[in-house]
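Okay, structure first, notes after.
Chain letters run A, B, ... following the sequence lines, proteins first and then strands; every chain starts at 1.
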Amino acid sequence: MGRKRLITDSYPVVKRREGPAGHSKGELAPELGEEPQPPDEDEAELQLLRQFDLAWQYGPCTGITRLQRWCRAKQLGLEPPPEVWQVLKTHPGDPRFQCSLWHLYPL
Amino acid sequence: MFSEQAAQRAHTLLSPPSANNATFARVSVATYTNSSQPFRLGERSFNRQYAHIYATRLIQMRPFLENRAQERWGSGVEVKKLCELQPGEKCCVVGTLFKAMPLQPSILREISEEHNLLPQPPRSKYIHPDDELVLEDELQRIKLKGTIDVSKLVTGTVLAVFGSVRDDGKFLVEDHCFADLAPQKPAPPLDTDRFVLLVSGLGLGGGGGESLLGTQLLVDVVTGQLGDEGEQCSAAHVSRVILAGNLLSHSTQSRDSINKAKYLTKKTQAASVEAVKMLDEILLQLSASVPVDVMPGEFDPTNYTLPQQPLHPCMFPLATAYSTLQLVTNPYQATIDGVRFLGTSGQNVSDIFRYSSMEDHLEILEWTLRVRHISPTAPDTLGCYPFYKTDPFIFAECPHVYFCGSTPSFGSKIIQGPEDQKVLLVTVPDFSATQTACLVNLRSLACQPISFSGFGAEDDDLGGLGLGP
């Protein structure tokens with residue numbers, strides 16, 4: 001006889017169209033595979049830099065770059081942590097690393 | 001000193017012309033180094049707040065103050081931060097002072113419409129018996145009371161206080177101390193008398209004919225065109241001239257033309273243009289004969305905030321042909337023949353005068369040296385560039401001669417420091433008002449005023465008729 005009547009037969013059938021760039025569900029998997037490694041390292045380094053910004057011993061952090069603040073602390077003899085300098089040297093030009101926590105806010 | 005030397009030579013004026021003319025060679029400057037590099041600004045960025053300059057000031061001055069505190073109150077005294085204070089316990093705290101003054105002009109109060117206040121007229125002093133002192137360190141602030149002279153101190157001074165915190169949350173001060181004089185390198189002894197002439201407040205463009213005569217007499221004395229052979233010989237011992245600010249008069253700063261309509265001000269020129277031309281001619285005469293250092297002052301065409309940058313050489317087309325003309329910054333530091341000079345054009349001292357009960361400019365000058373800071377009121381009531389790396393106004397080394405210009409009267413004093421430092425303090429008076437300049441003898445570190453007035457006696461007669469100035 002015919003197929004058993006399923007409840008889903010009463011719903012309209014909608015075909016899923018392909019996205020404009022030929023993107024389909026299958027492509028997401030490799031991308032997700034790349035992300036987990038860099039954000040963790042980056043995140044740990046950014047966290048270290050944020051803690052350096054919030055440390056009161058080295059003076060105010062707004063209005064100057066982290067490298068400038070680190071050099072100032074070194075010149076005044078406050079012994080800033082050398083790991084912060086290493087992180088700043090490995091990411092030159094990246095505003096997330098170089099600028100202070102509040103650089104997006106005006107003066 | 002100057003005139004005794006002059007009187008020793010035979011009088012040659014009003015004698016028949018001689019075959020050989022006496023010539024006097026000016027003493028050459030043996031060594032000169034300009035150490036005003038910390039006051040030169042390269043790229044200027046105003047995107048910073050002033051918290052940086054206060055933070056670096058406290059960090060740099062803290063070690064000096066801790067040493068002085070230990071010398072004064074014993075080496076066992078505890079230096080604590082405000083967050084570590086326990087009530088009733090005697091300790092020492094190092095911090096920056098803030099003086100809350102109700103009469104201090106506040107732009108916020110002026111423009112606030114709810115108060116409907118008229119702008120406050122300028123006063124000579126803004127102190128009031130209700131002023132309060134607050135000590136701030138890196139994290140907290142605390143009100144001070146006790147044996148501390150509230151009216152004398154100003155905002156921005158870094159000091160160490162000894163006392164204990166009371167139950168009401170205020171700090172009861174028993175004693176306080178400042179960083180005192182910085183270490184000084186001794187000056188090498190000189191064998192001949194050499195003089196440096198300090199002049200301030202030439203006030204050109206002010207419209208007063210008297211001061212122009214005085215200025216011309218000054219130039220003539222220094223270039224050796226005035227006086228007998230004795231005076232010319234003494235003038236040859238002047239090795240340098242320092243013009244300490246306010247070369248243009250206050251009246252060149254009037255900005256009435258901004259408020260007038262364009263058609264009324266079409267052909268008018270700023271008063272400072274004519275005044276700068278006069279200044280160029282005077283500098284031409286001076287620099288043809290003697291090395292000159294020109295410092296800008298409050299009314300001169302350069303930036304307003306401290307440290308003021310040198311005047312631009314394009315304003316002096318005639319005088320810049322000579323290499324003896326040097327345009328320098330406002331706090332000016334140099335070593336002339338081994339003697340360290342440090343001076344300002346007077347804005348720092350007059351600003352402290354407005355906010356402190358100290359009356360004598362020489363006393364204020366000594367006080368800035370004892371506090372080890374050229375202008376403690378700098379970002380608060382006196383315009384200052386937002387430094388972030390260091391505070392260049394802290395004395396790194398004690399000078400031998402410390403001067404400030406544009407004071408109401410001449411004064412000079414020699415003070416001793418705790419480590420045998422010896423400093424000559426000179427307050428250079430305003431030349432347009434007093435017609436007085438100062439001669440500093442580098443060999444003996446003594447200072448002598450020299451006046452150029454021409455019509456002094458007649459002033460009294462004219463005053464009675466109402467025709468005097």
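Closest of all the heavy-atom pairs between A:Trp56 and B:Lys81 is CH2-CE, 3.4 Å. Of all non-hydrogen atoms in A:Arg72 and B:Thr56, the two that sit nearest each other are CD-CG2, 3.9 Å.
If you run side chain to side chain contact (heavy atoms under 4.5 Å, CB included) between A:Pro60 and each of B:His52, B:Arg48, B:Gln49, only B:His52 comes through.
Atom NE2 of A:His103 sits about 13.0 Å away from atom CG of B:Asn47, to the nearest 0.5 Å. The line from CD of A:Gln68 to NZ of B:Lys389 is 7.0 Å long, rounded to the nearest 0.5 Å.
Sparse packing is recorded around CD of A:Glu79, with 12 or fewer heavy atoms of other residues, nucleotides or ligands lying under 6.0 Å away. For B:Asp167, the CG atom sits in a loose shell: 12 or fewer heavy atoms of surrounding residues, nucleotides or ligands are nearer than 6.0 Å. Residue B:Arg44 qualifies as enclosed at atom CZ: its count of foreign heavy atoms under 6.0 Å is above 12.
If you measure heavy-atom distances from B:Leu58 to chain A, you find no contacts under 4.5 Å at all.
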